[in-house]
Student: 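Encoded as C-alpha cells, here's the structure I'll be asking about.
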Amino acid sequence: MNKSLRKAVIAGNWKMNKTPAETTALINEIKPLVADADCDVVCCVPYVDLFAALEAAKGSNIKIGAENCHWAKSGAFTGEVSAEMLKACGVDIVITGHSERRTYFGDTDVTVHDRTRAALDNGMTVILCVGEYLEQREQNITMEVVSSQVKIALAGVSKEELDRIIIAYEPVWAIGTGKTATADQAEEVCKAIRELIAELYDKEAADKFVVQYGGSMNAKNADELLGKEDVDGGLIGGASLKAPDFAAIVKAASK
Ligand code: PEP
C-alpha cells in the first residue's frame, strides 16, 4: 500500500470550546502558520462558531467543518442540526461518530451510519470516528469492535462516495487523556482498517483511502505517528486549540 497516493489530512476538533470572537482570533492566528502546508488542514468547530470560522478562513487553505450532524432533513429534533442545514451554511466537512457523542449522547453504530449517510447525501465529506474502549483492547477485541463500527457506518456507501470518507481511528482511552497509542499500535489498527476497505471495496480504493489517528496527538509525538505507513493524518482535540501546536502537527504531516 503506497502512502504517496494519499494526501495527509490534519483536522482539529475544537469540541465545546471558543466563542465566535475567540474563533476569529484563533483562525487568524493559525492561518499564517499553516499557509504553506503540504497537507489538507481542517478546523471542525461548534455550530455557533461556523460563520465566524468560515469568514476568518476565507482565502486561506483552512477548511471549516462541523462536529456532528443529524440524519433527518428537518423536523422535530430539538437542538439538532441537519446535514442539509450545514451544507446551506457553506460547510462541506463533518465529523460523525466521535466517541464523546457515542459515550455521552447515545450515538450508536446505526445512528452514526445514518448521520454519515445524510452528510454524503448532501455532498459533504465525512470524518468518521471509530475506536475501542480500554476494556475492549484488554480483551483483545479491538479489531472486531473497529471493523464492526466501520462496516455498519459504511453499509450502502458506494466506491465513488468513499472518496468523501475519511476514517479517524481514535482509541477511546487515548482521547483527551494525554495517553497516546504507540506509533506501532496506531499503525496496526490503521493498516487493518485499510485492509478492511480493500476487502469491502478493492485495493485501488484502499490505496487512496485516508485513515487518520486521533488520541492525544501533539507537537511532540506527531512526527513518529505520522511517519507510519498507514497513518495519513490526525484528528486533533486539545492541541488544535493552540495555534503553534496545531501548526507543528500540520508541519509534521507536510514532510
Ligand atoms: C478528539 O477529540 O478527537 C481527540 C483526539 O482529542 P485529543 O487530541 O484531545 O485526545
Side-chain angles (χ1 to χ4, degrees), residues 8-18 22-23 26 30 34 39-47 49-50 53 62-69 93-105 107 112 115-116 119 125-134 136-137 142 145-146 149-150 153 165-183 185-190 193 210-226 228 230-253:
V9 180
I10 297 297
N13 171 21
W14 288 15
K15 313 195 187 202
M16 195 173 72
N17 290 291
K18 305 295 174 190
E22 290 167 345
T23 295
L26 182 52
I30 294 172
V34 302
C39 66
D40 285 334
V41 182
V42 183
C43 293
C44 296
V45 307
Y47 293 136
D49 295 329
L50 284 169
I62 300 175
K63 295 175 188 156
I64 302 301
E67 299 175 11
N68 190 26
C69 67
I93 303 176
V94 64
I95 297 172
T96 61
H98 192 278
S99 67
E100 286 150 18
R101 300 296 317 173
R102 295 178 191 256
T103 304
Y104 306 131
F105 302 103
D107 241 342
V112 172
R115 294 179 199 279
T116 302
T125 292
V126 178
I127 300 176
L128 164 67
C129 302
V130 296
E132 81 288 3
Y133 287 98
L134 185 57
Q136 295 168 324
R137 174 160 284 267
T142 296
V145 172
V146 168
Q149 289 172 333
V150 170
I165 300 261
I166 291 165
I167 288 184
Y169 165 56
E170 299 209 308
V172 183
W173 47 273
I175 297 179
T177 57
K179 255 192 203 172
T180 318
T182 64
Q185 285 172 325
E187 167 64 13
E188 185 184 22
V189 182
C190 290
I193 291 173
V210 172
V211 186
Q212 296 174 318
Y213 166 78
S216 301
M217 192 187 278
N218 58 41
K220 288 203 179 96
N221 59 27
D223 254 336
E224 196 188 352
L225 287 160
L226 294 168
K228 289 291 178 183
D230 290 283
V231 179
D232 308 315
L235 183 57
I236 325 293
S240 71
L241 297 169
K242 295 176 206 131
D245 293 30
F246 187 61
I249 298 171
V250 168
K251 197 169 169 202

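Residues take their numbers from the sequence shown, with the count starting at 1. Indexing begins at 1, ligand by ligand and atom by atom, following the structure's order. Just the heavy atoms: all of them, side chains too, but no hydrogens, waters or symmetry mates, feed the values below.
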Student: Check the pair L26 / F246 against side-chain contact (heavy atoms from CB on, under 4.5 Å), numbers first and verdict last.
Tutor: CA-CA 11 Å; L26 182 52; F246 187 61; over 6 Å; no
Student: Under 3.5 Å, is there a donor-acceptor pair between the side chain of Y169 and the main chain of V231?
Tutor: no
Student: I'd like to know whether NZ of K18 has more than 12 heavy-atom contacts from other residues, nucleotides or ligands below 6.0 angstrom.
Tutor: yes
Student: Would you say that more than 12 heavy atoms from the other residues, nucleotides or ligands in this model lie under 6.0 Å from the CD of Q136, or not?
Tutor: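 Enclosed.
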Student: Got a sec, which pairs hit salt bridge (charged side-chain N to carboxylate O under 4.0 Å, His left out) with one end in residues 93-105, sequence neighbours left out?
Tutor: K15-E100, R102-D109
Student: Is the closest side-chain heavy-atom distance between V42 and T125 below 4.5 Å?
Tutor: no
Student: Dump all N/O pairs between ligand 1 and the protein below 3.5 Å as a table: atom names plus distance, one pair per row.
Tutor:
unit_1: ligand 1; atom_1: 2 (O); unit_2: N13; atom_2: ND2; d: 3.1
unit_1: ligand 1; atom_1: 2 (O); unit_2: K15; atom_2: NZ; d: 2.8
unit_1: ligand 1; atom_1: 2 (O); unit_2: H98; atom_2: NE2; d: 3.0
unit_1: ligand 1; atom_1: 3 (O); unit_2: H98; atom_2: NE2; d: 2.9
unit_1: ligand 1; atom_1: 3 (O); unit_2: E170; atom_2: OE1; d: 3.0
unit_1: ligand 1; atom_1: 3 (O); unit_2: E170; atom_2: OE2; d: 2.7
unit_1: ligand 1; atom_1: 6 (O); unit_2: K15; atom_2: NZ; d: 3.4
unit_1: ligand 1; atom_1: 6 (O); unit_2: G237; atom_2: N; d: 3.4
unit_1: ligand 1; atom_1: 8 (O); unit_2: S216; atom_2: N; d: 3.4
unit_1: ligand 1; atom_1: 8 (O); unit_2: G237; atom_2: N; d: 2.8
unit_1: ligand 1; atom_1: 9 (O); unit_2: G238; atom_2: N; d: 2.9
unit_1: ligand 1; atom_1: 10 (O); unit_2: G176; atom_2: N; d: 2.6
unit_1: ligand 1; atom_1: 10 (O); unit_2: S216; atom_2: N; d: 2.7

